[in-house]
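These values consider heavy atoms only, across backbone and side chains, with no hydrogens, waters or symmetry-generated copies. One-based numbering, in listed order, for ligands and for the atoms of each.
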Amino acid sequence: MFVLIVNGRLQEKNRPVVFFQGGIHAGEIDGKDAGFWLLKDWLSDNKRKAILSQIMIVFVPVFNVDGHERFGKNNRPNQNGPEETGFRVTSQNLNLNRDYMKAESLEMIAMLALMRKWNPILFLDLHVTDGAQFRQDLGFMVSPTLKGMDPIRELGQKFSERTIRELSSKGFFPVSFYPSFVSEDEPESGFEVGVAPPRFSQSYWALRNRIGVLVETHSWRPYEYRVKLTRAVLESVLEQAAQAGKGWLEASSDAENRASQISGTEVEMTYEPTSEKKQIPFEGYAYGFETSPITGKKIIRYDTAKPETWKVPFFFQLKPKLVIQAPLAGYWVPPEWAKLVKTKLDVHGIRSTSLPAGQREVQAFRAVFSDFGKLSFEGRQNLSVRGQWWTETVTLASGGIFVPIQQPLSHLVMHLLEPEAPDSLLSWGFFNSHFEQKEYIEAYVLEPWAREVLARDPKVKKAFEQRLKEDPEFEKSAEKRLDFFYELHPAMDKGYRRYPLLRLNSR
Ligand SMILES: [Zn+2]
């Protein structure tokens, strides 16, 4: 990976570090040229010296180097230039912008080490969109959006508003949300706010109490225009970093202190838009629908000769979707999983220690619902679970590791280790074996036992009859009826659907 560092030797002076990267998707390569162009000019421009003397810059022109070398004419069919580009994924066919949490690719492991070394207060990931045709030319999306992350969130929002204002005054058409329609190919469905999960760069960086930005120039603008726009974005953010960066650093260390104290509190993990909306103007084109002779279905056609200002709904409010109470002390990883989990924790720079064996009060998680992904995703089979933590007393084996919640990266810890979090190690399929049923009872063995229990236990009888009455699927399914009794049988595997990690109430 090629890295260009400006003022690197001055890092000890606690300067705000701005880190920007191009080519994580190597076909979306505006950032590489805009970054070189800007730095070449600024480094030889005396007027810019005052700005450069306030900050430090880390520039990675091309993150996905393999993809960049897969050069060709047809790698970006939904993009207006350049003539040839690289390709979206690495030579292992992995999308780096899904790899920030699971950190499986060598590229990501190297990148996380670089980011931890320079620990930028501001990180920008430079992309080009896909999607519909319109005239708005930029999505500029700043994280964190999580309410628990004030004051860094508030400063991030101010920074976002000022950048949008400055770019608008220079004649560009930026928006602060990802410009994809609520319903595909239906401009009238409008737009909505959202918080991307931390497999994406900007959300990942925000979980580390810093500011992360996703920059998406619009793919139908000509390449030259997009590079100028990306340069204008970088100029605006570098100027702001020189002025406000020290304040951002203070807010970030405040956020780190708060993050170290979330033990036992309710933590908002994911968000969704509310139904509250307002009408906004959006610079688009006239469009209509025609029937496709290929699919027989309607297809949208934009008339780019006729600019139009649309009035579309914008769902601008977020509400928490998944809220989880943070553990009191932290997480315990059993010895059989310690090596794998420790490797991941170390890649992220999360603190963990060994823990002596002994009896303790813990919280264990068992899923009441679990669903394996039907399709392979980034080479893995995802798993989603719902369930709850409950308290029990167990004897912990030696060789396990303890991950304290009391640390600045506590939000990242929860997103990796809470089983229900969308980018947890569990969600990425690292613990699938615990959610496969490994032993069973033959129906003809279970049947007589079930009859006997029904006859002797009125509580079970009542629950069974109620289920028959209320759940038609259950009523129809012999398998589900037998499962009902298997759950009660002493041979039921207590480890089935049980998450192997525990939460500790005290150290
Ligand atoms: Zn992209």
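Minimum-distance N/O/S atom of His25 relative to the Zn ion (ligand 1): ND1. Here the N, O or S atom of His127 that is nearest to the Zn ion (ligand 1) is ND1.
Residue side and main chain included, Glu28 places an N/O/S atom under 2.8 Å of the Zn ion (ligand 1).
Classified by interplanar angle (parallel below 30°, tilted 30° to 60°, perpendicular above 60°), the ring pair Phe191/Phe177 is tilted.
Glu378 and Arg380 are not joined by a salt bridge, as no carboxylate oxygen comes within less than 4.0 angstrom of a charged side-chain nitrogen.
By the side chain to side chain donor-acceptor pair (under 3.5 Å) test, Tyr100 is found to be paired with Gln21, residues two or more places apart in sequence or in another chain being considered.
Proximity of the aromatic rings of Tyr499 and Phe431 is defined here by a centroid distance below 6.0 angstrom, and this criterion is met.
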